[in-house]
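Below is one structure, written out as structure tokens; comments come after it.
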Amino acid sequence: MIGKRNPTGVVLFGPPGSGKGTQAKLLTERLRLPHVSTGDMLREHIALGDALGLEVREVIKAGNLVPDPLVIRLVEDRLDRPDCEAGVLLDGFPRTIDQARMLLGMAEGRGLRLLVIHLKVDYDVITARLTGRRVCPQCGTLYNIRLKPPIVPGRCNIEGARLIIREDDKESVIRQRLVAYDAQTMPVLEFFAAHVRFFEVDGSDRKPEDLSNEIVNWIQSAADDAEFDSASGEGL
Ligand code: ADP
């Protein structure tokens with residue numbers, strides 16, 4: 001079991017539109033881990049209009065990655081909060097080799113075991129998902145006008161709020177986000193494969209709940225193995 005005696009950092013890894021946000025919502029409830037999304041944190045700063053928000057707004061709008069030192073500082077500060085003691089669910093981080101190196105170091109320093117889930121999804125599926133994506137500005141629930149429409153068109157099922165389109169969900173920007181993923185984020189996979197426990201699932205054509213069950217099963221057994229390893233290592 002994941003917990004203070006077996007702190008675990010679960011990393012959701014995959015291209016934009018692979019379903020990281022949807023899985024993160026399901027997993028954070030089931031695993032009782034805080035959901036740390038660098039994309040959400042950056043968008044909060046943009047919404048506040050603070051110095052950091054102003055610095056990153058245009059970069060995100062263009063579909064490019066925010067500079068490493070900035071994102072790394074955000075994550076470090078977040079992981080220092082007490083709710084991350086038993087573990088954390090990372091979504092959208094790390095996205096570069098330098099971020100991955102830093103995470104490995106931080107995990108080691110904090111006794112956090114890393115488990116990485118790679119969500120593989122075809123790029124044509126991604127484009128269909130992202131061009132139709134709508135989000136509730138109040139509760140963050142995700143919809144898709146074709147694949148998962150709200151009950152009342154344009155309104156959140158839970159809040160009733162008017163749904164919005166993320167600024168970086170325009171087709172030309174989606175393309176640039178995929179270019180950035182291929183160039184800067186894909187190489188992180190090889191790095192992870194060499195350093196941490198790794199699970200790959202195809203998320204192209206699966207119900208989110210089924211995918212979540214498969215991921216939870218893997219996480220639980222990997223976390224239990226880890227507990228067993230460290231318990232049997234005691235006293236050696
Ligand atoms: P998606 O995975 O769908 O692209 P995110 O919400 O994770 O969405 O990220 C949105 C944008 O925020 C990215 O395109 C990038 O500009 C910025 N961003 C988020 N996380 C990182 C990160 N770890 N490193 C650099 N930039 C990031």
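The first residue of the sequence shown is numbered 1, and numbering continues consecutively from there. Atoms within each ligand, like the ligands themselves, are counted from 1 in listed order.
- Close N/O approach between Arg43 and ligand 1 is found [any backbone or side-chain N/O within under 3.5 Å].
- Numbered from 1 in the order shown, with element, the atoms of ligand 1 that lie under 4.0 Å from a heavy atom of Leu65 read 25 (C), 26 (N).
- When the options Phe13, Phe192, Trp218 are evaluated for a ring-ring contact (aromatic ring centres under 6.0 Å, His included) with Phe199, the one that passes is Trp218.
- Near Arg133, the atoms of ligand 1 lying under 4.0 angstrom from a non-hydrogen atom of the residue are 3 (O).
- We find that Asp182 and Arg177 are not joined by a salt bridge, their nearest charged nitrogen and carboxylate oxygen being 4.0 Å or further apart.
- Counting only heavy atoms of the protein, atom 14 (O) of ligand 1 lies nearest to Arg177 CG, 4.0 Å.
- Among all protein heavy atoms, the one lying closest to atom 24 (N) of ligand 1 is Gln99 NE2, 2.9 Å.
- The closest approach between a heavy atom of Val59 and any atom of ligand 1 is not below 4.0 Å.
- Under 4.0 Å from ligand 1, not a single heavy atom of Gln176 appears.
- Of the protein's non-hydrogen atoms, Thr38 OG1, 2.7 Å is the one closest to atom 20 (N) of ligand 1.
- Here Asp122 does not pair with Arg129 in a salt bridge; the nearest charged N to carboxylate O distance is not below 4.0 Å.
- In Val66, the parts holding a heavy atom less than 4.0 Å from any atom of ligand 1 are both the side chain and the backbone.
- For Glu108, the CD atom is loosely surrounded, since the number of other residues' heavy atoms within 6.0 Å does not exceed 12.
- When only non-hydrogen protein atoms are considered, atom 18 (N) of ligand 1 lies nearest to Leu42 CD1, 3.5 Å.
- Under 4.0 Å is where a charged nitrogen must lie from a carboxylate oxygen, and between Asp168 and Lys61 no such pair does.
- Within 6.0 Å of the NZ atom in Lys148, the count of heavy atoms belonging to other residues, nucleotides or ligands exceeds 12.
- For atom 19 (C) of ligand 1, the closest heavy atom belonging to the protein is Arg95 NH1, 3.4 Å.
- The residues Arg110 and Glu85 are annotated as not salt-bridged, no charged nitrogen and carboxylate oxygen being separated by less than 4.0 angstrom.
- Residue contacts with ligand 1 for Asn64 involve N, CA, C or O but no side-chain atom from C-beta outward (heavy atoms, distance under 4.0 Å).
- The environment of Asp124 atom CG is dense: over 12 non-hydrogen atoms of other residues, nucleotides or ligands sit within 6.0 angstrom.
- For Arg30, the CZ atom counts as densely surrounded, since its 6.0 Å shell holds more than 12 non-hydrogen atoms of other residues, nucleotides or ligands.
- Look at Arg133 and Asp169 and you find a salt bridge, because one of the NZ, NE, NH1 or NH2 atoms lies within 4.0 Å of a carboxylate O, short of that distance.
- The neighbour count for Glu190 CD, taken as heavy atoms of other residues, nucleotides or ligands under 6.0 Å away, does not exceed 12.
- For atom 8 (O) of ligand 1, the closest heavy atom belonging to the protein is Arg166 NH2, 3.2 Å.
- Short contacts between ligand 1 and Lys20, defined as distances under 4.0 Å to a heavy atom of the residue, involve ligand atoms 2 (O).
- In this structure, Lys61 does not count as a contact residue of ligand 1, since none of its heavy atoms falls inside 4.0 Å of the ligand.
- Distances between N or O atoms of Gly63 and those of ligand 1 include no value under 3.5 Å.
- Closest protein heavy atom to atom 12 (O) of ligand 1: Ile60 CD1, 3.7 Å.
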